[in-house]
Visitor: 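Have a look at this one before I ask anything.
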Amino acid sequence: MVIPVFDASLHTPMYFFLYNLAVLDIFYSSVVVPKMLTDLVSQKKTISFYGCMLQIHFFHFLGSSEVVLFSVMSYDRYVAIAQPLRYTTIMSTNVCCGLAACSWVIGFFHALTHFIMTARLPYCGPNIVRHFFCDVKPMLKLASTDVSLNFKLLVAVTGTVATTTLSLTILFYVFISKFLIKIKTSQGRRRALSTCSGHFTVVTLQYGTVIFTYMRPTTESLDQDRAAAIMFSVITPALNPIIYTLRNKDMRKALKKLFRI
């Protein structure tokens with residue numbers, strides 16, 4: 001987040017979206033990891049009802065904002081490769097801010113749906129959340145009423161967000177591959193691929209685990225959900241800075257320049 005601020009050569013749409021991704025990752029991990037680490041070393045593992053509901057809201061808010069942002073970033077890479085001469089015109093400041101804002105807004109209302117539908121349920125029975133953080137599926141297991149509508153809503157709403165954004169991302173990469181074929185020099189092809197490879201790696205990790213968790217039958221074991229949740233709530237946010245910084249030539253160059261100063 002600091003490097004693009006101090007290096008004018010990185011004041012581009014790509015790094016603007018990476019800045020947004022970094023902000024999302026920081027808050028996204030902060031929703032889950034601090035509480036998880038506290039519970040690992042404490043005898044009494046408790047959380048208030050309102051704290052639990054807020055954790056659900058912000059987890060889904062930041063997580064869904066991130067998957068929408070992935071589609072926006074793939075569109076940015078498509079424009080950069082397909083329309084290099086018009087790139088700065090198409091991806092103007094207003095367009096970039098609008099696309100980033102849409103990612104946050106869609107994520108907020110997606111999370112608000114789950115927050116309202118989960119918070120309004122009666123919880124009169126067991127109060128042990130069989131997960132390392134509060135999520136919709138473990139909470140629905142504790143509800144003292146019929147939750148079939150909530151499970152259907154979870155699959156429909158989260159499934160729609162995940163599959164729509166994944167489809168758009170794949171579509172943009174199909175378009176990108178067509179333009180890569182047209183690049184005649186191997187150096188030009190490698191340079192174009194280097195701008196997309198990191199993003200594609202992160203997208204594969206994130207979407208794979210999200211779809212596995214939220215689009216499976218509700219009768220499946222929560223143990224599998226916990227294992228998948230480690231991937232998209234802890235590992236992927238930790239890998240993002242490595243993938244987008246250490247594997248990025250421009251970022252490495254700017255980093256060396258910054259430390260020399």
Side-chain angles (χ1 to χ4, degrees), residues 1 4 10-25 28 60-108 110 158-183 188-212 214-215 231-232 235-237 239-251:
M1 289 171 64
L10 300 182
H11 293 178
T12 63
M14 175 181 172
Y15 292 99
F16 170 75
F17 293 129
L18 285 177
Y19 193 96
N20 274 266
L21 180 64
V23 173
L24 283 169
D25 276 339
Y28 186 43
H60 283 272
F61 166 36
L62 298 164
S64 52
S65 296
E66 188 163 305
V67 296
V68 177
L69 186 64
F70 284 148
S71 291
V72 171
M73 291 169 69
S74 62
Y75 171 70
D76 170 67
R77 292 299 82 212
Y78 162 68
V79 175
I81 293 171
Q83 302 285 344
L85 299 179
R86 298 177 56 217
Y87 176 58
T88 54
T89 304
I90 296 171
M91 300 301 292
S92 63
T93 302
N94 289 338
V95 170
C96 290
C97 291
L99 290 171
C102 282
S103 301
W104 289 79
V105 170
I106 290 171
F108 176 80
H110 167 255
T158 305
T160 299
V161 172
T163 54
T164 302
T165 52
L166 177 60
S167 299
L168 287 172
T169 302
I170 292 172
L171 183 64
F172 287 129
Y173 271 103
V174 169
F175 292 151
I176 287 171
S177 64
K178 288 183 178 181
F179 282 96
L180 288 177
I181 294 170
K182 295 178 182 178
I183 298 175
R189 198 177 294 116
R190 278 198 303 270
R191 186 173 181 179
L193 277 170
S194 68
T195 65
C196 303
S197 58
H199 180 246
F200 190 75
T201 303
V202 172
V203 165
T204 303
L205 288 171
Q206 189 79 350
Y207 279 110
T209 50
V210 167
I211 290 173
F212 175 81
Y214 295 106
M215 296 189 69
M231 178 64 73
F232 61 73
I235 296 175
T236 304
L239 287 176
N240 280 349
I242 298 171
I243 292 171
Y244 287 116
T245 304
L246 299 181
R247 294 184 72 253
N248 187 308
K249 290 181 180 178
D250 293 333
M251 288 289 280

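The basis for the numbers below is simple: all heavy atoms, side chains too, and nothing from hydrogens, waters or symmetry mates.
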Visitor: Rounded to the nearest 0.5 Å, how far does OH of Y78 lie from CE of M91?
Guide: 12.5 Å
Visitor: Please report the interatomic distance CE(M73) to CZ(F172), rounded to the nearest 0.5 Å.
Guide: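 The CE atom of M73 sits 13.5 Å away from the CZ atom of F172.
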Visitor: Rounded to the nearest 0.5 Å, what's the gap from OG on S103 to CG on L62? Could you check?
Guide: 12.0 Å
Visitor: Over all heavy atoms of both residues, which pair between F17 and D76 is shortest? Give the atoms and the distance, please.
Guide: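 That closest heavy-atom pairing would be CE1-CB, 3.9 Å.
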Visitor: Please assess L18 against Y15 for the test side-chain contact (heavy atoms from CB on, under 4.5 Å), listing each intermediate value before the final yes or no.
Guide: CA-CA 5 Å; L18 285 177; Y15 292 99; 3.7 Å; yes
Visitor: What is the distance from atom OG of S65 to atom CG of N20, rounded to the nearest 0.5 Å?
Guide: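 It comes to 10.0 Å.
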Visitor: Pick one: which of T89, V95, T88 meets side-chain contact (heavy atoms from CB on, under 4.5 Å) with S92?
Guide: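 Single pass found, and it is V95.
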Visitor: How long is the gap from OG1 on T93 to CZ on F16, to the nearest 0.5 Å?
Guide: 8.5 Å
Visitor: Report the C-alpha separation of F70 and L166 in whole Å, then their side-chain angles, then the decisive distance to 0.1 Å, and conclude whether the side-chain contact (heavy atoms from CB on, under 4.5 Å) test is met.
Guide: CA-CA 9 Å; F70 284 148; L166 177 60; over 6 Å; no
Visitor: side-chain contact (heavy atoms from CB on, under 4.5 Å) with T165: which residues, sequence neighbours excluded?
Guide: V67, V68, S71, Y207
Visitor: Under 30°, 30 to 60°, or over 60°: which ring-plane class applies to W104 and F61, parallel, tilted or perpendicular?
Guide: perpendicular
Visitor: For the residue pair V161 and H110, what are the closest heavy atoms and their distance?
Guide: CG2-CD2, 3.9 Å
Visitor: For Y87, what residues pass the ring pair (Phe, Tyr, Trp, His ring centres under 6.0 Å) criterion, not counting sequence neighbours?
Guide: none
Visitor: Please report the shortest heavy-atom distance between Y28 and P237, naming the atom on each side.
Guide: CD2-CG, 4.0 Å
Visitor: Going from CD1 on I81 to CD1 on I176, what distance comes out if it is rounded to the nearest 0.5 angstrom?
Guide: 4.5 Å
Visitor: Is there side-chain contact between L171 and F175, with at least one heavy-atom pair below 4.5 Å?
Guide: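 Counting from C-beta outward, L171 and F175 do come under 4.5 Å.
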